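Being a predicted model, the structure only gives us computed values, none of them experimental.
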Amino acid sequence: TGYYGDGLNAIIVFAACFLPDSSRTDYNYVMENLFLYVISTLELMVAEDYMIVYLNGATPRRRMPGLGWMKKCYQMIDRRLRKNLKSFIIVHPSWFIRTILAVTRPFISSKFSSKIQYVNTLAELREMIPMEYVQIPDSIVKYDEEKCIKRRMRTSCLSNDPEMASMEQE
């Protein structure tokens, strides 16, 4: 958690890689209580505008929250909290997350949909929000570095390929 702006508006950081594994026998109970904890914390912290940064990178599929859980969370969030949310930033969005949001878009308000932003790297996130008070877990930083290295390798391979270089010149 961190703050931005003169009014010390909250930045809530949520790392999905720390969610419980869905194979737990008490998974539903744990997720229900986790949600209640998050909501009660939000209600205490948020008096003004706030943003949520959802760190999706380095999260195995079995730790990602299900569609039903996300829908329930959205429905249970107080109107004031939904209204004061200025931005919902998803860092390292997976195909799965993008698909879920595309499928659910008709069922959620257009106002909420317009607040969702996808960010592919931590460098892009730094351009959007002040990071000095935001703690990013080491596993996410490592994931981001590995992803950037792979991206640079792909780009450099493409620029070293004579066929690709000739296509770029055309």
Side-chain angles (χ1 to χ4, degrees), residues 1-2 4 9-24 27-39 41-43 45-46 49-129 131 134 136-137 139-155 158:
T1 305
Y4 69 99
N9 300 315
I11 301 172
I12 312 299
V13 179
F14 189 80
C17 60
F18 296 125
L19 288 173
D21 194 302
S22 59
S23 65
R24 290 178 60 132
Y27 178 76
N28 290 332
Y29 174 79
V30 171
M31 290 299 281
E32 179 84 18
N33 284 294
L34 175 65
F35 172 71
L36 294 173
Y37 170 77
V38 168
I39 292 300
T41 302
L42 279 176
E43 287 174 349
M45 289 182 62
V46 175
D49 297 344
Y50 71 105
M51 65 175 60
I52 294 176
V53 176
Y54 177 80
L55 302 171
N56 188 63
T59 304
R61 176 80 173 87
R62 67 185 186 277
R63 290 191 186 270
M64 287 192 189
L67 180 59
W69 187 78
M70 287 194 269
K71 180 183 174 193
K72 186 177 181 180
C73 290
Y74 176 74
Q75 291 170 336
M76 289 181 70
I77 292 175
D78 180 76
R79 183 183 176 282
R80 176 186 68 87
L81 286 175
R82 280 196 297 238
K83 191 176 133 251
N84 288 358
L85 177 67
K86 291 303 162 206
S87 183
F88 186 83
I89 302 169
I90 301 172
V91 182
H92 304 124
S94 63
W95 176 86
F96 175 72
I97 292 289
R98 288 179 187 264
T99 302
I100 283 181
L101 288 171
V103 168
T104 58
R105 193 168 292 262
F107 306 106
I108 56 178
S109 78
S110 58
K111 281 184 182 178
F112 182 77
S113 293
S114 69
K115 296 175 185 183
I116 298 171
Q117 296 176 284
Y118 295 115
V119 174
N120 293 311
T121 65
L122 292 176
E124 285 179 48
L125 182 64
R126 275 185 209 95
E127 292 172 12
M128 298 173 72
I129 64 171
M131 297 291 286
V134 176
I136 304 291
S139 59
I140 303 293
V141 172
K142 185 178 178 194
Y143 175 87
D144 188 72
E145 289 168 353
E146 290 170 359
K147 194 172 175 191
C148 287
I149 289 169
K150 286 178 185 173
R151 187 178 300 119
R152 278 195 294 269
M153 285 175 63
R154 265 197 316 267
T155 305
L158 291 177

Undergrad: Working to the nearest 0.5 angstrom, can you tell me the gap between Leu101 CG and Ile116 CD1?
TA: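 Nearest 0.5 Å value for the CG-CD1 distance: 4.5 Å.
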
Undergrad: Determine whether Leu19 and Tyr27 make a side-chain contact, defined as any pair of heavy atoms from C-beta on separated by less than 4.5 Å.
TA: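 The answer is no; the side chains never approach within 4.5 Å.
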
Undergrad: On a heavy-atom basis, which atom in Phe88 and which in Ile90 lie closest, and how many Å separate them?
TA: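 Looking at all heavy atoms of both residues, the closest pair is CE2-CG1, 3.6 Å.
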
Undergrad: Would Leu55 and Ile136 count as a side-chain contact (heavy atoms from CB on, under 4.5 Å) if you check the C-alpha gap in whole Å, the side-chain angles of each, and the deciding distance to 0.1 Å?
TA: CA-CA 8 Å; Leu55 302 171; Ile136 304 291; 4.1 Å; yes

Undergrad: So do the side chains of Val134 and Val53 get within less than 4.5 Å of each other, counting heavy atoms only?
TA: no

Undergrad: Output the distance between atom CG (Leu85) and atom CG (Leu81), rounded to the nearest 0.5 Å.
TA: 9.0 Å

Undergrad: Which distance, rounded to the nearest 0.5 Å, do you find between the CD1 of Ile52 and the CG of Leu42?
TA: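 Reported value, rounded in 0.5 Å steps: 5.5 Å.
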
Undergrad: Would you compute the distance between atom CG of Leu34 and atom CZ of Phe18 and round it to the nearest 0.5 angstrom?
TA: 13.0 Å

Undergrad: Angle class for the His92/Tyr143 ring planes (parallel below 30°, perpendicular above 60°, tilted otherwise)?
TA: perpendicular

Undergrad: Can you check whether Tyr29's main-chain N or O pairs, donor with acceptor, with Asn33's side chain at less than 3.5 Å?
TA: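 At least one qualifying donor-acceptor pair exists.
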
Undergrad: Could you check whether any side-chain heavy atom of Asn120 comes within less than 4.5 Å of a side-chain heavy atom of Pro93, counting everything from C-beta outward?
TA: yes

Undergrad: Does Lys111 reach the main-chain N or O of Arg82 with its side chain, forming a donor-acceptor pair under 3.5 Å?
TA: no

Undergrad: If you round to the nearest 0.5 Å, how far is OG of Ser22 from CG of Asn28?
TA: 10.0 Å

Undergrad: Find out whether Met64 and Ile100 are in side-chain contact, i.e. whether some heavy atom of one side chain is under 4.5 Å from a heavy atom of the other.
TA: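 No. Closest side-chain heavy atoms not under 4.5 Å.
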
Undergrad: Let me confirm one number: the CZ-CZ distance from Phe96 to Arg61, rounded to the nearest 0.5 Å.
TA: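 Answer for the CZ-CZ pair, Phe96 versus Arg61, is 3.5 Å.
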
Undergrad: Mind listing the closest non-hydrogen atom pair of Cys17 and Ser139 along with its distance?
TA: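 Between these two residues, the closest heavy atoms are SG-OG, 3.7 Å.
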
Undergrad: So, using side-chain hydrogen bond (donor to acceptor under 3.5 Å, both in side chains) as the criterion, who are the partners of Glu32 when residues are at least two apart?
TA: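 With neighbours one apart ignored, the set is Lys72.
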
Undergrad: Evaluate the side-chain contact (heavy atoms from CB on, under 4.5 Å) criterion for residues Met51 and Ile89: first the C-alpha distance (whole Å), next the side-chain angles of each, then the deciding distance (0.1 Å), finally the verdict.
TA: CA-CA 8 Å; Met51 65 175 60; Ile89 302 169; 4.1 Å; yes

Undergrad: Would you call Met131 and Leu125 a side-chain contact if the rule is heavy atoms closer than 4.5 Å?
TA: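 They are in side-chain contact.
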
Undergrad: A side-chain contact here means heavy atoms from C-beta on lying under 4.5 Å apart; do Ile140 and Val91 qualify?
TA: no

Undergrad: Among residues at least two apart in sequence or on other chains, which ones pass side-chain hydrogen bond (donor to acceptor under 3.5 Å, both in side chains) with Arg62?
TA: Asp21

Undergrad: Is a side-chain donor or acceptor of Asp49 paired with a backbone partner of Lys86 at a separation under 3.5 angstrom?
TA: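 No.
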
Undergrad: side-chain hydrogen bond (donor to acceptor under 3.5 Å, both in side chains) with Ser87: which residues, sequence neighbours excluded?
TA: Gln117

Undergrad: Between Met31 and Pro20, is any pair of side-chain heavy atoms under 4.5 Å apart?
TA: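 Side-chain contact under 4.5 Å: yes.
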
